[in-house]
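In what follows, a single structure is set out as structure tokens and then discussed.
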Protein chains: 2
Amino acid sequence: MTSAQSHDDGPFTGRDPGGILAPRLRVFEAVARTEHITRAAEELGLPQPTVSRALARIQRELGLALIERTGRGVRLTRAGRTLLPYVRRALKELAAGGAQLTDPDTGTVTLAFLPTLGAEVVPSLIRAFRADHPQVRFSLRQEVWGSAVRSLREGGVDLALTSPVPTERGLSVRVLHTQPLVLVVPAGHPLARAEETPISAVGTDQLIALNRGRGIRHLTDGLFHRAGLEPRIAFETDEVGTVRGLVAAGLGVAVLAARPHSPLPGTVELRITDPGAERSIGVVWHPYEGEPATVASFRAFVLAEGERLVAGGLA
Amino acid sequence: MTSAQSHDDGPFTGRDPGGILAPRLRVFEAVARTEHITRAAEELGLPQPTVSRALARIQRELGLALIERTGRGVRLTRAGRTLLPYVRRALKELAAGGAQLTDPDTGTVTLAFLPTLGAEVVPSLIRAFRADHPQVRFSLRQEVWGSAVRSLREGGVDLALTSPVPTERGLSVRVLHTQPLVLVVPAGHPLARAEETPISAVGTDQLIALNRGRGIRHLTDGLFHRAGLEPRIAFETDEVGTVRGLVAAGLGVAVLAARPHSPLPGTVELRITDPGAERSIGVVWHPYEGEPATVASFRAFVLAEGERLVAGGLA
DNA sequence: CTGAGGTCATACAGAACAGTATGCGTCTGT
DNA sequence: ACAGACGCATACTGTTCTGTATGACCTCAG
């Protein structure tokens, strides 16, 4: 690995991170390795006096002699020899950290996604992406709507597949798929023969809802609010399966996205006719200057392929 | 651990090595940890604008945004959050390296010593020293005279217990013990009844010698040379025990240091009367500015206690 | 032993950086 | 809603550092 690099400053991100984050370490390492100030300077792309002085400064500040002159060359002192492996390991860490950020093939992508998407959509996305980028690692976090948005804002995740797509300013979004919201009623319910219904038809039925923080709950609350209704919530739970079970048991009705393939036996799903009674699933990210290459690469892939995969996975 | 430190420059060695070797890393770490530029600056003992600009510079050079403004504070971006653990590990390495050099209790001392001293003297020295400094680690190298001196010059070892003490300029020495050289002859040898002898008495006897590079061989060669004689070397070996065995077997005579306690059965030892027929065992080191505290501490101990221990161990 | 070549350190001019003061945007309490 | 406080960024001046040229010292060959 020749690390000779000229010191141009373009806005490209591929430069040596150790040299930027810790220039003194790199100087010391080069001198220690070559035991030759002039050669080290050439390798670093710096004039020889700069290296000479930089080293003198380090030693003065540390109060330790790391190299010493020997004839017409230099040699590491014992102290320098002792320090060298630590410096090497430190530079190695920085190089690894830099690779995470700049190398589109070795980074890690942290992805938050809806519980619903964990079974099929996310595995398909990742499998397809890794076919081209096998070194990229993923940190996957199944998170509900509220916490996914918070994680995005706080920098906890790179990308979120969530629903509904948040409207906060500062977050970029792209809708990949839209599902109609349905009213889930037990088989014997008065509305069970209809195909669609306004939310107002719920009347005095008890509502079985997901806990706050879930996207569907957020949408449900908005739906009732816009209709001027106050939902009468009998149960709150975290599991969509539980909700359907409670509805089947005749304990109330629920607002959900249509169940893939068909409704749970013992339940009927009616499309809700109110405007905006839909659930948009989208990808959300927090845009900023100079984002890791890996993240940009994966996001581009999601934007290109996600629509198809999400629609297929939720069919 | 409060790391607030003023930026005085004294010649003392106890300063934070991470901050000296990699100031940018420390700035980034402090800002990342506090997510607050002003507080990070206070902690680092720097003015706030300095930290602000240093960070801006790092980001510009990396081409990556590591922090971003959020309201009236700052927050790490994903890239910053990704980089942080690497930077932390790098700083940890540097701190460990610095501790090796500046903390008299955690360093490592590399000690070269004569094979003769490995059985008793070196273990006693180290046991006694570690009673007061239990954290200090030792790297022990059994080396003969020639290579010990070379290691010292090249920075391979901190300290050498060797013999004879070298006279090279650039190396500091202190004699700890002096043993007379003896001529070892087989029991039936014409000289076996004498107590002492000049080296010239060897006459035409074959000599059994240690290999070149051994201190005793160096002394033996010198002894013959000063007497104007050419040694007639029949065997060369690396083991003092082998030399004595060959002498006992009547295959020649040898110049050695007196055997502890008593001569090997079947051999007789006669003190050599030539001037300078002695072997000085001493401690040797390569002095330089700003040596690791641990090394200085151990050497001081050796200088204080070594004379007694070496004399005792070779009695 | 002397001269030529090689290597690191120092001198001086110019660029980059640090320190002080201040501006601009944001949050909080009344 | 508005005043005050808070917090990061920028402007200006003095110091430090970088880069070019040169000096001092060592090594090696003849």
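Numbers restart at 1 for each chain; the letters A, B, ... are given by sequence-line order, proteins then strands. In this text the structure is predicted, and so the values were computed from the model without any measurement.
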Discussion item. Tell me if a side-chain donor or acceptor on A/R214 pairs with a main-chain N or O of A/D238 at a distance below 3.5 Å.
Written reply: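 Yes, because the side chain of A/R214 sits within donor-acceptor range (under 3.5 Å) of the backbone of A/D238.
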Discussion item. Looking at B/I216, is its backbone amide N or carbonyl O close enough to the side chain of B/T220 to form a donor-acceptor pair, meaning the two atoms are under 3.5 Å apart?
Written reply: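 Yes, because the side chain of B/T220 sits within donor-acceptor range (under 3.5 Å) of the backbone of B/I216.
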Fill in: Nearest-nucleotide 5' precedence on DNA chain C, B/T70 against B/P49
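It is B/P49 whose nearest nucleotide is closer to the 5' end.
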Worksheet item: Below 3.5 Å, does any donor atom in the side chain of B/R53 face an acceptor in the base of C/dG19, or the other way round?
Response: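 It does, because a donor-acceptor pair links the side chain of B/R53 to the base of C/dG19 below 3.5 Å.
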Send over the distance from [X] [atom1] to [N] [atom2], rounded to a whole Å.
X     : N      : atom1 : atom2 : result
A/L76 : C/dC8  : CG    : P     : 13 Å
B/R24 : D/dC17 : CZ    : P     : 14 Å
A/E68 : D/dC25 : CD    : C1'   : 16 Å
B/Q48 : C/dG23 : CD    : C1'   : 12 Å
B/E35 : D/dC8  : CD    : C1'   : 15 Å
A/I37 : C/dT10 : CD1   : P     : 11 Å
B/R75 : C/dC27 : CZ    : P     : 11 Å
A/L55 : C/dC8  : CG    : P     : 11 Å

Worksheet item: Within a strict 4.5 Å, meaning less than it, do heavy atoms of the B/Q48 and B/R53 side chains meet?
Response: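 No, every pair of side-chain atoms sits at 4.5 Å or beyond.
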Worksheet entry | Side-chain heavy atoms of A/S139 within contact of A/V109, under 4.5 Å |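 No - every pair of side-chain heavy atoms lies 4.5 Å or more apart.
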Discussion item. Assess the residue pair B/E61 and B/R24 against the criterion (salt bridge (Lys or Arg N to Asp or Glu O under 4.0 Å)); give the C-alpha distance rounded to whole Å, side-chain angles, the decisive distance to 0.1 Å, and a yes or no.
Written reply: CA-CA 12 Å; B/E61 293 182 11; B/R24 294 178 169 193; 3.1 Å; yes
So does [X] get a side-chain nitrogen or oxygen closer than 4.0 Å to the phosphate oxygens (OP1/OP2) of [N]?
X     : N      : result
A/T38 : C/dC8  : yes
A/H36 : C/dC8  : yes
A/T50 : D/dG19 : yes

Fill in: Shortest non-hydrogen separation from B/E236 to B/I233 and the atoms involved
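Nearest heavy atoms, B/E236 then B/I233: CG-CG2, 3.7 Å.
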Fill in: Given DNA chain D, 5'-ward residue of the pair A/R69 and A/R57, judged by closest heavy atom
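The 5'-side residue here is A/R57.
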Worksheet item: Bend angle of the helix from C/dC1-D/dG30 to C/dT30-D/dA1 from five-pair axes at both ends, rounded to 10°?
Response: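 End-to-end axis angle: 30°.
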Worksheet entry | Donor on one side chain, acceptor on other, B/E143 and B/S151, under 3.5 Å |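 Judged by distance alone, the side chains do pair up.
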